[in-house]
Amino acid sequence: MKISSKILALTLVASATMLQSCNDYFDTDPKNIINTEDYIAQEDEMYRGYMGILNCVQKAGDHAIFLTDTRGAVLETTDNAPTELKSIYNWGTTNGNSYADPTCYYSIIVSCNDYIFKMGEYKRRVGNSMTENGQKQYYNLISGSLRLKVWAYLMLGKIYGEAYWFDDPLTEKKELSDASVFTKCNMKELADRCINLLENGITVNDEHISANQEVEWFKWLDPEREDRALFRQWQYVTPPAIILNAEFRSWRASYMDEGAAQGDWQWIRDNVLDYIRNTQASVEADYQAGTDWRGIVTSAHIASGDMFQLSQKIQSDMVGSYSNIFYTEDLGSTYQLISTIIYNYDNDQKNRLVQYFCPEYPDAESFYLQPSEYGINLYPGKDVRSMEQGWIMTTLGGKKCIDKYYYGYDYTNRRYSYLDGKEIFKIQPAIPTFRGHDLHFLLAEAEAHLGHFEVAYYLLNYGVGSRFADKVIPAGGEWDLRYQDWLGGSGGYSNLGIAGAANGTVHALPHPGSADFGLYSTEELLKKYDWALADENIKEYVAEGKSYGYLCKIAERYSNSAFRNGNMEEARDSVAKRIAPKYPAARQSHVISSIKGSGYFVNWDLQGISNQ
């Protein structure tokens, strides 16, 4: 069986698109391709090669949204939706369905492997003749490609529960059965490999390269001025190593007993808290140095549709304490972004989000996905994510719709506006890969499994500020003193919590101080907290391709009898009861039986790709 003629074809496309001009960012027009026989041949092509990887990431951007959110709790298909999309929604067969095809993620992996190989060839050829900056960026670019490869494996694992691992650049067709090239891994094995790559990096030409180095894009894009602020948005195109590592550790913990998992939970808690503190320090340093954050994204960016839209805007006018960076995801205030997939209309970079979600553009016939009544009813009216508030869903032309991807933010007046008429066709929404609340979910999950249920309770609900009205965390308790940074000091904004930031519903969980806390075992408490986090994740990450994978993670944690006395039937039922109610009564039994019978991961036989 061949790895896939389709994947190999994408390798050639990826290799070619790695060579475009920086002025034609991600432009895939073949006339702009240079040096196709022997890239990388000059220093500038190191950066252009990285663009080819990002081009593949762009193509994968909306894949998880249409595949997993359609199967999740909030979205449903409209009558006009394509047959294959309706089949995904209705829990039909996924193998062979184009919306379920994982090739987009494998093309990223192929591109990363190929890029690293070609970068090594280039370095051997030129030796020390690179410029000083080029030498430094060589390591940074390879480091970034490692993280994009890890992100692709994270997506494959979250969606399909397994993937083929390979480091070969695949210059020719290889058999999937070739164990010297490919290793079929379950999610636990993927986690082990990816964590190892993130922590130990890679050796190229006998040189060690870590996975946590950042490209200084402004030194390439603006070599004369080296204006960091002008090109700050480029720092968002590659996910940070710390968050990828924490995500995989939270998954790996699902496949270990609670005692064995403590090391991962402790790592997540300590490293995420440090990451937040370090980010705070970095922002403060930029601010003190006179960086004009408000100049990063202008109204012109919004009008041209080439930057961040409603749910992806960079926090541009608040600096200082933790609370001013990560404190809230309230869409009416600020919305913190960690990493994102960006598009540029002028360079023909497109995703399908506005088309699928908007009942007015390009026309009613292309309106394929809408909020279900069940999904709408998950939110109380005061919740900023509710239909009543209109930040995530609203009514246009008499049709209920998800509107988070076709609003623009006016940074002068600090208001959102619907980009209709001449503007809406230009919108190419940025798709977040990680944002501030990912840190909150990871911390709440870790704190619960470390036995710190009070901390987890407040992180999930109304925040650290609601627990410490006097803005002082006492020493000696279960609260890590690094949370003191979250309280904002005199007159500052305190952390609002996950649900609290959206004016959401408090999760009534047993916690120290509540009358029922002593009635439950630690095992029972953990299960309650994990599923409550999954329920809030469903509400928080509408149409971002995340919440369904979170459900799968928690279900995996409680499905194996070897871990936490798990029960597969009970775990699958827990997933089914969160999804089936959105379907008509006549369809619910099929959805429930599908999840209970074959599980929640999407089925795809990679062997089928080779025949396409």
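FYI, the numbering just counts along the sequence from 1. Side chains are part of it too, since the values below use all heavy atoms of this structure and drop only hydrogens, waters and symmetry mates.
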For this session: List the steps and the verdict of ring pair (Phe, Tyr, Trp, His ring centres under 6.0 Å) for F182 and W165.
Result: CA-CA 6 Å; F182 304 107; W165 184 276; over 10 Å; no
For this session: Could you pull out all residues at least two apart from K528 that satisfy salt bridge (Lys or Arg N to Asp or Glu O under 4.0 Å)?
Result: none
Problem set entry | cation_pi(K553, W531) dist<6.0 Å, angle<=45 | no
For this session: Decide whether a cation-pi geometry holds between K471 and F468; the criteria are a distance under 6.0 Å from NZ or CZ to the six-membered ring centre and an angle within 45° of the ring axis.
Result: no
Before accepting this row, confirm whether a basic side-chain N of the pair [X]/[Y] lies closer than 4.0 Å to the acidic partner's carboxylate O.
X	Y	result
D192	K188	yes
R482	D274	yes
E247	K158	no
K184	E189	no
E536	R578	no
R564	D257	no

Heavy-atom closest pair, residues [X] and [Y]:
X	Y	answer
S145	Y50	N-CE1, 3.5 Å
A555	A571	O-CB, 3.4 Å
A543	Y405	O-OH, 2.6 Å
G157	L190	CA-CD1, 4.0 Å
F563	S254	CD1-O, 3.7 Å
G120	N205	O-ND2, 2.9 Å

Problem set entry | Verdict with supporting geometry, K123 and Y139, side-chain contact (heavy atoms from CB on, under 4.5 Å) | CA-CA 10 Å; K123 181 73 182 302; Y139 301 113; 3.3 Å; yes
Do [X] and [Y] come close enough that some side-chain heavy atom pair is under 4.5 Å?
X	Y	result
Y458	W479	yes
C194	L244	no
E478	V455	yes
L459	W486	yes
D264	H449	no
S547	D69	yes
L487	I473	yes
P432	E544	yes

Within the side chain of [X], is there an N or O that forms a donor-acceptor pair under 3.5 Å with the backbone of [Y]?
X	Y	value
N461	H507	yes
K546	T433	yes
S386	K382	no
T68	I65	no
S143	Q213	yes
Y275	D270	no
N495	V464	yes
T340	I431	yes
R147	A211	yes

Exercise. What class does the angle between the rings of Y106 and F166 fall in, given that below 30° is parallel, 30 to 60° is tilted and above 60° is perpendicular?
Worked result: parallel
Exercise. Hey, what's the ring geometry for Y457 with H511, parallel, tilted or perpendicular (30° and 60° as the breaks)?
Worked result: parallel
Problem set entry | Heavy-atom neighbours of K219 NZ exceed 12 at 6.0 Å | yes
Exercise. If you count the non-hydrogen atoms of other residues, nucleotides and ligands that lie under 6.0 Å from CE in M256, is the total more than 12?
Worked result: yes
For [X] and [Y], test the side chains for any donor-to-acceptor distance below 3.5 angstrom and give the result as yes or no.
X	Y	result
Y379	T505	no
E556	Y255	yes
Y529	E445	no
E162	N186	no
N537	E540	no
N565	Y558	no

So how far is it from [X] [atom1] to [Y] [atom2], rounded to the nearest 0.5 Å?
X	Y	atom1	atom2	result
I268	W265	CD1	CH2	5.0 Å
S250	D438	OG	CG	10.0 Å
W151	F434	CH2	CZ	9.0 Å
M155	C104	CE	SG	8.5 Å
L443	R269	CG	CZ	8.5 Å

Exercise. So, do Y541 and H437 have ring centers that fall under 6.0 Å from each other?
Worked result: no
Exercise. Can we call the ring centroids of Y550 and F441 under 6.0 Å apart?
Worked result: yes
For this session: Determine, step by step, whether I243 and V272 satisfy the side-chain contact (heavy atoms from CB on, under 4.5 Å) criterion, reporting the C-alpha distance in whole Å, the side-chain angles of both residues, the deciding distance to 0.1 Å, and the verdict.
Result: CA-CA 8 Å; I243 301 177; V272 170; over 6 Å; no
Exercise. Where do Q137 and Y47 land on the side chain to side chain donor-acceptor pair (under 3.5 Å) test, with the steps shown first?
Worked result: CA-CA 9 Å; Q137 300 306 326; Y47 302 92; 4.8 Å; no
For this session: Carefully, step by step, assess H452 and E447 under the rule side chain to side chain donor-acceptor pair (under 3.5 Å).
Result: CA-CA 5 Å; H452 305 153; E447 293 285 17; 2.7 Å; yes
Exercise. Between F453 and Y520, is a ring pair (Phe, Tyr, Trp, His ring centres under 6.0 Å) present by the stated rule, with each step listed?
Worked result: CA-CA 12 Å; F453 291 104; Y520 300 96; over 10 Å; no
Exercise. Which pairs count as side chain to side chain donor-acceptor pair (under 3.5 Å) when at least one residue sits in residues 194-203, sequence neighbours excluded?
Worked result: N196-N200, E199-N245, E199-R249
Seminar exercise, completed: The residue among L154, I108, I53, N113 that forms side-chain contact (heavy atoms from CB on, under 4.5 Å) with K149 is N113
For this session: Go through the steps to decide whether F248 and V150 satisfy the test side-chain contact (heavy atoms from CB on, under 4.5 Å), and finish with yes or no.
Result: CA-CA 9 Å; F248 265 116; V150 167; 3.6 Å; yes
